[in-house]
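Structure record follows, encoded as structure tokens.
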Amino acid sequence: MSHTACSYILDKLKAIENPVLGLSTGATPEGLYRYLIQSYQEKKVSFQNLKTFNLDEYINLDKNHPNSYFHYMQKRFFQYVDILEENQNLPNGKAENLKAECQAYEDKISQAGKIDLQVLGIGVNGHIGFNEPGTAFTSRTHVVTLDDCTRTANAKYFASLNEVPSKAITMGIKTIMESKEIVLLVTGRKKASALKRLLNGEVDEEFPASILKIHPNATIIADEKALIELS
Ligand code: F6R
């Protein structure tokens, strides 16, 4: 999955002069980042003209906290490649005025032009970004309260469940849908039901990823375990 995603994404980026790439964090894209780093080290690609926008960030975690998404991106991708620091964008979860931060993030995305390609993962509850079930399809970058199941899924990275932040800033569903292209990565047995529901179910705000069915250019790249519930 990661290798396929890497080749797919690099082919797209190479065809665009100043590409804008939307990024996600979590376990799913870790392999993708490893392959992207490898391609850079083998001089198959440069990211000097690339601008990136991450989907989300926890609120109230210092950006250098080992579990912040800022830290994740530095550690797993940015520090190994030539993406200019000023082109790496994540929401600031420590902003004093979170509402203004959300608007500023939207403005930055608009100023960059549209996101050419947005990489997504999916939560077991169907969330994309941190847009939990019930989020309006019209939502833009906003503050969210994380579902218990999302906090539980992410607790493995923290010392205890209590330490998992309860709030985050996330790109909204409308913001994500405005990307010119979307690639959804799905890996592992735990995501099989979500993938089945996405492919077979209705477009429904109770299952946020379902909106991707009406995106004009969305691709799913899944591994075999994630596909196990589909005939
Ligand atoms: C992460 C994000 C989330 C994750 C999803 C899956 O930036 O926006 O939607 O993609 O929670 O997480 P993993 O990959 O850890 O299973």
Side-chain angles (χ1 to χ4, degrees), residues 1-2 5 9 21-35 52-59 61 63 65-78 88-93 102 105 109 115 117-135 139-158 161 164-177 179 182-195 197-198 207-212 215 218-223 225-227:
M1 180 201 70
S2 302
I9 291 165
L21 181 65
L23 295 174
S24 69
T25 54
T28 307
E30 285 185 353
L32 165 65
Y33 292 134
R34 280 196 295 272
Y35 280 115
T52 61
F53 284 92
N54 267 77
L55 283 168
D56 38 25
E57 178 60 283
Y58 289 118
I59 286 177
L61 271 196
K63 67 184 197 172
H65 186 285
N67 290 323
S68 78
Y69 287 161
F70 176 89
H71 190 260
Y72 172 109
M73 290 309 302
Q74 301 304 323
K75 237 182 102 192
R76 291 186 176 72
F77 188 39
F78 292 156
Q88 307 164 3
N89 297 285
L90 284 100
N92 175 9
C102 292
Y105 203 62
I109 296 173
I115 291 177
L117 196 159
Q118 174 68 56
V119 178
L120 295 179
I122 185 171
V124 285
N125 62 0
H127 75 208
I128 48 173
F130 272 142
N131 294 288
E132 301 288 24
T135 306
S139 58
R140 295 206 160 271
T141 300
H142 61 132
V143 171
V144 290
T145 299
L146 300 176
D147 271 10
D148 285 344
C149 81
T150 301
R151 294 186 63 241
T152 306
N154 290 356
K156 57 181 180 281
Y157 302 111
F158 291 81
L161 180 59
V164 184
S166 56
K167 288 187 184 289
I169 295 183
T170 182
M171 264 188 217
I173 295 187
K174 185 138 196 221
T175 324
I176 293 171
M177 285 293 282
S179 310
I182 291 177
V183 175
L184 172 67
L185 306 181
V186 194
T187 172
R189 179 70 186 87
K190 276 191 200 151
K191 300 290 174 67
S193 319
L195 184 55
R197 181 164 172 190
L198 170 59
F207 195 73
S210 63
I211 191 75
L212 300 176
H215 191 281
T219 303
I220 298 172
I221 303 177
D223 65 11
K225 285 185 179 157
L227 288 160

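Counting convention: from 1, in listed order, for ligands and their atoms alike.
Within the 4.0 Å heavy-atom shell around ligand 1 one finds Lys191.
The protein non-hydrogen atom at the shortest distance from atom 1 (C) of ligand 1 is Thr25 OG1, 3.2 Å. Summary of contacts: the protein heavy atom closest to atom 14 (O) of ligand 1 is Thr28 OG1, 2.4 Å. Looking only at heavy atoms of the protein, atom 11 (O) of ligand 1 is closest to His127 NE2, 2.6 Å. Of the protein's non-hydrogen atoms, the one nearest atom 3 (C) of ligand 1 is Gly129 O, 3.5 Å. Regarding atom 6 (C) of ligand 1, its nearest protein heavy-atom neighbour is Ile122 O, 3.3 Å.
With sequence neighbours left out, His142 forms a ring-ring contact (aromatic ring centres under 6.0 Å, His included) with no residue at all. In this view, Thr152 satisfies the side chain to side chain donor-acceptor pair (under 3.5 Å) rule with no residue, not counting sequence neighbours.
Those atoms of ligand 1 with a heavy atom of Ser24 less than 4.0 angstrom away are 7 (O). Those atoms of ligand 1 with a heavy atom of Gly121 less than 4.0 angstrom away are 10 (O).
Of the listed options Ile176, Leu55, Asp56, Asp56 places a heavy atom closest to atom 7 (O) of ligand 1.
A pairwise comparison of heavy atoms in Met171 and Asn54 identifies CE-O, 3.6 Å as the closest pair.
Using bins of under 30°, 30° to 60° and over 60° for the plane-to-plane angle, the ring pair Phe130/Tyr58 lands in the tilted bin.
Inclusion of Ala27 in the set of residues having an N or O under 3.5 Å from an N or O of ligand 1 is warranted.
Counting only distance, with no hydrogens or angles, the side chain of Asp223 and the backbone of Gly188 share a donor-acceptor pair below 3.5 Å. No side-chain donor-acceptor contact under 3.5 Å links Gln118 to the backbone of Ser179.
For Asn154, no heavy-atom contact with ligand 1 is shorter than 4.0 Å.
Looking at Lys174 and Ser139, their side chains never bring a donor and an acceptor atom within 3.5 Å of each other.
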